[in-house]
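As structure tokens, the structure follows; a few thoughts come after it.
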There are 2 protein chains.
Amino acid sequence: MSSEEIDTKTKILEASWRLLEAHQGQGVKMSDIAKEAGISRQAVYLHFASRIELMIATMNYVDEVKGLDARLAQLNNATSGTELLNACVEVWGNYIPEIYGLAKAMLMMRDTDEDMAAAWNSSMKCLRDVCQNAIEALYKEGKLTEGWSIKEATDMFMATISISQWEQLTMESGWSNEQYVDWTKFLLSRTFVR
Amino acid sequence: MSSEEIDTKTKILEASWRLLEAHQGQGVKMSDIAKEAGISRQAVYLHFASRIELMIATMNYVDEVKGLDARLAQLNNATSGTELLNACVEVWGNYIPEIYGLAKAMLMMRDTDEDMAAAWNSSMKCLRDVCQNAIEALYKEGKLTEGWSIKEATDMFMATISISQWEQLTMESGWSNEQYVDWTKFLLSRTFVR
DNA sequence: ATGTCAATTGACACAGTGTCAAGTGGCTTA
DNA sequence: TAAGCCACTTGACACTGTGTCAATTGACAT
């Protein structure tokens, strides 16, 4: 069996991931991935029907290895809504730099490919759930700023911690990740906590 | 001269703009633009050296016609920092839907093309200036929330009113533009006003 | 009538994705 | 040891979209 030797499929996924991170999700061709994996370009298609499919598989693979779900699961220890909100920003905000290349590639393809859009949304689902928990906790504590519905507040929360927001503040404006996390926590607390 | 008949260059720009808006900035080919303008594909290249150049020209053309600068210039009537901040969100927030298709196309190209990135940034410059004015006004009134530097606050301001943010809240989360403007004003006031 | 200029047509190069057919080399099973 | 299977290789090709080039047309100006 393939318990010791890494099977080709995994080699491709690793190569894809590595290149995506190295090039920040841009300009990574099927032939590059094949070369990186040490196989022929055509062989990639023996394992993945298309570029899109490979990208989605890479995303699932990274999800599995890095385990955002697991990281987020820990958060349910958080007692108060505020605490949960802050913890959420911290976990996600420190996760983004680890998966930025991949995420960027996904976001770019999402515009033109429905499957990718769906895959991305379902991958964001677990994050959204935690965000919503935080908002609901605030609400139950009577601490959610007046006027917000749960949905609206969760929408705004998600938008605020979106990859594009992170990209603009760190990559473009030159913020450190710590700055990003701290000010985002500040903005969210001020916005949602009464 | 060409005072009555629209010259071909303008016809191309109009066609480009129309298609970009109609298709939300996606999948608009040179041949589509040519067809829309009523000329041959190759003729487009007699006026614009490349797709990128045409896109940048379209952007400048729309800027000229729609006049974001002019709209923003009015704002300098605003007396207080808070007022300026709100006015800024209102003007920009109501401008976005009018130019979304074009903006989306620009943002997508920006990832792969330096010239486009530069053109986009310079186009955003006037918006950034107004945002910075608002933050500075707050600061001078002693109303800027403690901790923010002018630059950081302006960065965060810009990120909050970015196209991606608007896109996520309206196109994806289904908010009305009014909702977008109101909640964004709310979030910014809470974040920046002491 | 001659020249110029904008536009047309058709052909072609190039990159990247995806497909197909034929071949190779190693491993299993009879 | 032969037969068959399997993952992979090679090379060729179709398709799309961008960009280029050369030859041609038709209008308008001198």
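Everything numeric here is computed off the predicted structure, so don't read it as measured data. To find a chain, count down the sequence lines: A is the first, B the second, and so on, and within it residues start at 1.
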Under 3.5 Å, side chain of [X] to main-chain N/O of [Y], donor-acceptor pair present?
X        : Y        : result
B:Gln24  : B:Gly101 : no
A:Lys11  : A:Ile39  : no
A:Gln168 : A:Gln165 : no

For [X] and [N], what is the distance between atoms [atom1] and [atom2] respectively, to the nearest whole Å?
X       : N      : atom1 : atom2 : answer
A:Lys11 : D:dA7  : NZ    : C1'   : 11 Å
A:Arg51 : C:dT19 : CZ    : C1'   : 18 Å
A:Glu53 : C:dG18 : CD    : C1'   : 13 Å
B:Leu54 : D:dG19 : CG    : C1'   : 13 Å

### Message
I'd like to know if B:Glu98 and B:Arg71 make a salt bridge, using a cut-off of under 4.0 Å between side-chain N and carboxylate O.
### Response
yes
#### Entry: Residue pair B:Asp155, A:Trp183: steps toward the side chain to side chain donor-acceptor pair (under 3.5 Å) verdict
CA-CA 11 Å; B:Asp155 289 342; A:Trp183 282 121; over 6 Å; no
### Query
Hey, is CD on A:Glu64 packed in by over 12 heavy atoms from elsewhere, all under 6.0 Å?
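Incorrect, the count does not exceed 12.
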### Query
Is the closest side-chain heavy-atom distance between B:Phe157 and B:Val89 below 4.5 Å?
yes
Protein N or O to nucleotides 6-8 of chain C N or O, pairs below 3.5 Å:
{"unit_1": "C:dA7", "atom_1": "OP1", "unit_2": "B:Thr8", "atom_2": "OG1", "d": "2.1"}
{"unit_1": "C:dA7", "atom_1": "OP2", "unit_2": "B:His47", "atom_2": "NE2", "d": "2.6"}
{"unit_1": "C:dT8", "atom_1": "OP1", "unit_2": "B:Ser40", "atom_2": "N", "d": "3.1"}
{"unit_1": "C:dT8", "atom_1": "OP2", "unit_2": "B:Ser40", "atom_2": "N", "d": "2.8"}
{"unit_1": "C:dT8", "atom_1": "OP2", "unit_2": "B:Ser40", "atom_2": "OG", "d": "2.5"}

### Query
Taking the six-membered ring for Trp, are the ring centroids of B:Tyr139 and B:Trp148 within less than 6.0 Å of each other?
no
### Summary
Residues of residues 15-36 of chain A with a heavy atom under 4.0 Å from any atom of DNA chain D, listed by number, are none
